[in-house]
Amino acid sequence: MHLSSTLAWLLDAASDCPGADRLLAELGAHLVADGVPLAAGALTLAVPHPLIAKRTWLWRADSGQVIEALGFAPGGLAPDPPNDAGRRWLRDSARGQVHEDVAGRPDGPLLGWIGPRPFTADEIEQLRQAARFAATPLAVLAARATLRATLDAYLGTRSAERVLAAPLRRDLGETIQAALLYADLRNFTSLSETTPPADVIAALDAWFDRIAGAVHAFGGEVLKFIGDGVLAIFPVLEASPRRACDAALRAAGAAEAGMAYLNKERRAQGLPPLSFGAALHLGEMLWGNIGAANRLDFTAIGPAVNLASRLEGLCKPLGRTVLVSGAVAAETEMPLVALGTHELRGIAAPCEVFALPDL
């Protein structure tokens, strides 16, 4: 059986493409080499992601350039109709008629093409055959994307990369240095006992949006949600603790400002304000897998994590929202308020404690 170079590539090599962008560019180039006049192409994939409903890649034949457009899920920005971004872009790229094929099952990836003129019947058949043969490599690519998006959503980007790069064993981990942020919502028990469950979840989501949004905005990563608490890390990169500490301090300040704005909205709605405590510390921790032999958790453990948790417990007695350890204070020139040295429960050495200036 004779196969065109396009179909042979789809059968033998397309599954090795590192991503949808390269698959689309390679597929377009092969079709052009096989005589199909193309001006541009588009590939749309559904993505299991909390914010993104679909991803569309757009390819130009003249330059080989691929750009990406995102369609947002309900609850984020208003979603576009299926492949609407790709279809509009194709129509703006050339004067031909847009041709689209679903690769595989009816709800599968969508391939769209446009040429400098309308396609002939033979050219449309070539595009349809290409879509049929593309179904398998696109399914492989979609499975990889699903796995990565799922791990990113539940573990965070850095932790997901670490999990994907290593065997699934509990004896694997590494010691890293990082600025830690441990934060906890105040009076959550009483809130959950006096508030309908749906309102409790809404309050938790609003709190997590503010604290996690601030962490991510300054390059940190939420490692774990612990009930109403958050453990986040700002890894030390290129032997620069100051950069990690400054990022953690800015994130804590941004979270404090975000919660102040949220509480203004809650008061306007007749809802009680939400208060929280947060602690920042710099230290080494074991970052990796722990757990039972067949049920693992990817997290950070060690004395630095314990100290951050204990330091956060001083927020309420000291009347402060954000406390900072001496280890972080020594690595920053940002203004802090010295609160003296304090004993921390379960920690052998007393800890120098600082606070963020009042807003």
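Computed from a predicted structure; not experimentally measured.
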Looking at every heavy atom in both [X] and [Y], which two are closest together, and how far apart are they?
X    : Y    : answer
L111 : A134 : CD1-CB, 4.1 Å
A300 : L231 : O-CD2, 4.4 Å
M334 : T332 : N-OG1, 3.0 Å

Give a yes or no on whether the backbone of V66 and the side-chain of D21 come within a donor-acceptor separation of less than 3.5 Å.
no
Has E221 got a side-chain atom pairing as donor or acceptor with R158's backbone, closer than 3.5 angstrom?
yes
Could [X] and [Y] be called an ion pair, given the rule that one side-chain N must be under 4.0 Å from one carboxylate O?
X    : Y    : answer
K224 : D297 : yes
E100 : R91  : no
E256 : R210 : no
E331 : R243 : no
R148 : D152 : yes

Check whether more than 12 heavy atoms from other residues, nucleotides or ligands sit under 6.0 Å from atom [atom1] of [X], and answer yes or no.
X    : atom1 : result
Q269 : CD    : yes
Q97  : CD    : no
E174 : CD    : yes

Looking only at the aromatic ring of each residue, does the gap between the centers of F225 and F208 stay below 6.0 angstrom?
yes
Is the distance between the ring centroids of F119 and W113 under 6.0 Å?
no
Classify the ring geometry between F276 and W207 as parallel (under 30°), tilted (30 to 60°) or perpendicular (over 60°).
tilted
Full working for salt bridge (Lys or Arg N to Asp or Glu O under 4.0 Å) between E312 and R186:
CA-CA 11 Å; E312 189 275 331; R186 293 277 177 253; 3.0 Å; yes
Using side-chain contact (heavy atoms from CB on, under 4.5 Å) as the criterion, list what pairs up with L147, not counting sequence neighbours.
L151, L164
With sequence neighbours left out, write down each residue that passes side-chain contact (heavy atoms from CB on, under 4.5 Å) with L7, or none if nothing qualifies.
L3, S4, L10, Q129, F133
NZ of K316 to CG of L323, rounded to nearest 0.5 Å, is 14.0 Å
Value rounded to 0.5 Å, distance of CG in D122 from CG in L127
11.0 Å
